[in-house]
Amino acid sequence: MHGEYKVPGGKLVVVDLEVEDGRIADFHLAGDFFLEPDDALADIDAAVTGLPTEADVATIAAAVRGALPEGAQLLGFTPEAVGTAVRRALIVAPGWAEFEWEVVHEKAVSPAMNLALDEVLTTRVGDGRRNPTLRIWEWNESAVVIGSFQSYRNEVDPDGAAKHGFQVVRRISGGGAMMMAANSIVTYSLYVPASLVSGMTFADSYAFLDDWVLHALRSLGIDATYQPLNDIASSKGKIGGAAQKRLANGGVLHHATLSYDMDGQVLTEVLRIGREKLSDKGTASAAKRVDPLRSQTGMARADIIERFIETFTSLYGAKAGSISEEEYAEAEALVESKFSTDAWLRRVP
C-alpha cells in the first residue's frame, strides 16, 4: 500500500507498507523532508511497523514521537504528517492528480445565489454528476455573510448594514461573519469528493485544500502562511479565512474569502465585533487585523484572480468549465425556498 501527503507549506511525506494479520508491516517512510539524525528514519519505520491498521493519526504520531531520539529535528514535516500519510495509504486515498478539475469564473450573481450555487455544486460533486471544481465568485452587491451557526443579532448591526448598503445572508458552512463589499473581496469555492481529504483530520484538511492559494499569493510577493484553524495571513496581517461543509453524500465544500480592499471604519459599524474577540488577536482595532491584497500587491483585483486561476491550473491540470443552465435553475429555486427566507436567515436569532 502506498500513501502520500503534501504538508501545506512543507514537504511531501510518502509511505509504503503491507498489512499482515490486521497490523502494519514492512513500513517505510520517504519524502523530500529533512531529518536529523540520519538514523532517525529507521526509528520511525520501526515505530510504525506493528501498529494496528485501525490506529488513528494521533496514535501513529504518538508512536513516532516516542521513538525519536532526544534532540531529533524534523524539518518540513511532523509526526502527525506521517500519521496522515499512513491513514491515506490504508484507505487508498486519491491525490489531486487523480481527478479531472474544472475552474469556473462566470457572471456576477447575487450573494444569495452564490450561496445556493455552493450547495448545488457541492451536492453534484458528491453525487458524481460534476467534476471537482474551483469556482471564483463574482457579485456586484455588498453583503455580510454569516456562518451557519452564528446568531444574527449578535453578529450584525442592522442599522449599520442598512446605512452602508449591506444585505445579510447566511451560508451553509460554519465559521465567522464576513463583510464582503462589492468588488472588494476575492472569494472562491472548492467542490471536492470526500475521498480527497480521507485520512486527514478536519483541521488538516483546511490547510491541505488551501495550499494552492499560498503558492499563488507567494508568486505575488506575499509571504503567505496558514494560521490554524482557518486563517490565511501574512506578516502584515490577516488576509482572509476559510470555512467548510461536508454533505452526507460525500461532497465537501471548502470556500475562502480574501480581502482585496476594505474600509475598517465601515467594518466596525456593520459587524458587532466584541472586545473579547479582538483581544485574542493581539490588537485593539478591527481595522488593524486585516491587510488587504490591494495594499500588499498594488495589483488590480482581476489580475490577482487571473493569477489564482493560473496557479490552480498549472498545479492540478485544471480546465476551464462552466455552470449549466440546469445548475443555475436549481440554485435559483434554492434561493427562493431557502437562502432568501427569513426562516433561514434567522435560524439562530
Calculate, to the nearest 0.5 Å, the distance between atoms [atom1] and [atom2] belonging to [X] and [Y] respectively.
{"X": "Leu190", "Y": "Arg135", "atom1": "CG", "atom2": "CZ", "answer": "11.0 Å"}
{"X": "Ile323", "Y": "His105", "atom1": "CD1", "atom2": "NE2", "answer": "10.5 Å"}
{"X": "Trp344", "Y": "Leu334", "atom1": "CH2", "atom2": "CG", "answer": "9.5 Å"}
{"X": "Glu18", "Y": "His28", "atom1": "CD", "atom2": "NE2", "answer": "9.0 Å"}
{"X": "Ile222", "Y": "Leu293", "atom1": "CD1", "atom2": "CG", "answer": "5.0 Å"}
{"X": "Phe312", "Y": "Glu102", "atom1": "CZ", "atom2": "CD", "answer": "10.5 Å"}

Check: [Y] and [X] side chains under 4.5 Å, non-hydrogen atoms:
{"X": "Ile305", "Y": "Tyr188", "answer": "no"}
{"X": "Tyr260", "Y": "Ile304", "answer": "yes"}
{"X": "Thr84", "Y": "Val13", "answer": "no"}
{"X": "Glu332", "Y": "Glu336", "answer": "no"}
{"X": "His254", "Y": "Asp210", "answer": "yes"}

Sub-3.5 Å donor-acceptor pair from the side chain of [X] to the main-chain atoms of [Y], do we have one?
{"X": "Thr268", "Y": "Gln265", "result": "yes"}
{"X": "Arg88", "Y": "Ser198", "result": "yes"}
{"X": "Gln150", "Y": "Ala177", "result": "yes"}
{"X": "Arg301", "Y": "Ile185", "result": "yes"}
{"X": "Arg218", "Y": "Ala224", "result": "yes"}

So for atom [atom1], which belongs to [X], do other residues, nucleotides or ligands contribute more than 12 heavy atoms lying within a distance under 6.0 Å?
{"X": "Arg294", "atom1": "CZ", "value": "no"}
{"X": "Arg153", "atom1": "CZ", "value": "no"}
{"X": "Lys245", "atom1": "NZ", "value": "no"}
{"X": "Gln227", "atom1": "CD", "value": "yes"}

Ignoring hydrogens, what is the shortest heavy-atom contact between [X] and [Y]? Give both atom names and the distance.
{"X": "Gly147", "Y": "Arg170", "value": "O-NH1, 3.0 Å"}
{"X": "Ala318", "Y": "Thr313", "value": "O-CG2, 3.2 Å"}
{"X": "Pro8", "Y": "Phe208", "value": "CG-N, 3.5 Å"}
{"X": "Leu29", "Y": "Leu41", "value": "O-CD1, 3.6 Å"}
{"X": "Ala143", "Y": "Pro111", "value": "CB-CG, 3.7 Å"}
{"X": "Leu17", "Y": "Ala89", "value": "CD2-CB, 4.1 Å"}

Exercise: do [X] and [Y] side chains pair donor with acceptor under 3.5 Å:
{"X": "Asp231", "Y": "Tyr206", "value": "no"}
{"X": "Trp137", "Y": "Ser189", "value": "yes"}
{"X": "Ser205", "Y": "Arg246", "value": "yes"}
{"X": "Asn131", "Y": "Tyr191", "value": "no"}
{"X": "His255", "Y": "Ser173", "value": "yes"}

### Task
Starting from the C-alpha separation in whole Å, work towards a yes-or-no answer on side chain to side chain contact (heavy atoms under 4.5 Å, CB included) for Phe339 and Met113.
CA-CA 8 Å; Phe339 288 101; Met113 186 66 168; over 6 Å; no
Salt-bridge criterion met for [X] and [Y] (N-O under 4.0 Å):
{"X": "Asp211", "Y": "Lys6", "value": "yes"}
{"X": "Glu326", "Y": "Arg129", "value": "no"}
{"X": "Asp223", "Y": "Lys236", "value": "no"}
{"X": "Arg65", "Y": "Glu80", "value": "yes"}

Hey, which of [options] is the one that makes side-chain contact (heavy atoms from CB on, under 4.5 Å) with [X]?
{"X": "Met178", "options": "Ile146, Thr257, Val144", "value": "Thr257"}
{"X": "Gln244", "options": "Leu209, Leu253, Asn230", "value": "Leu209"}
{"X": "Leu115", "options": "Val335, Val169, Val120, Val109", "value": "Val169"}
{"X": "Thr122", "options": "Leu117, Asn249, Leu247, Asp127", "value": "Leu247"}

### Task
Kindly determine whether Val348 and Ser151 satisfy side chain to side chain contact (heavy atoms under 4.5 Å, CB included), including the steps that lead there.
CA-CA 5 Å; Val348 182; Ser151 163; 4.1 Å; yes
### Message
Go through it in stages, so that I can follow the logic: the residues are Arg272 and Asn154, the test is side chain to side chain contact (heavy atoms under 4.5 Å, CB included), and I'd like the CA-CA distance, side-chain angles, deciding distance and then a yes or no.
### Response
CA-CA 7 Å; Arg272 299 186 190 277; Asn154 288 344; 5.7 Å; no
### Message
side chain to side chain contact (heavy atoms under 4.5 Å, CB included), that's the test. Do Val186 and Phe308 meet it? Break it down for me.
### Response
CA-CA 10 Å; Val186 176; Phe308 280 16; 3.9 Å; yes
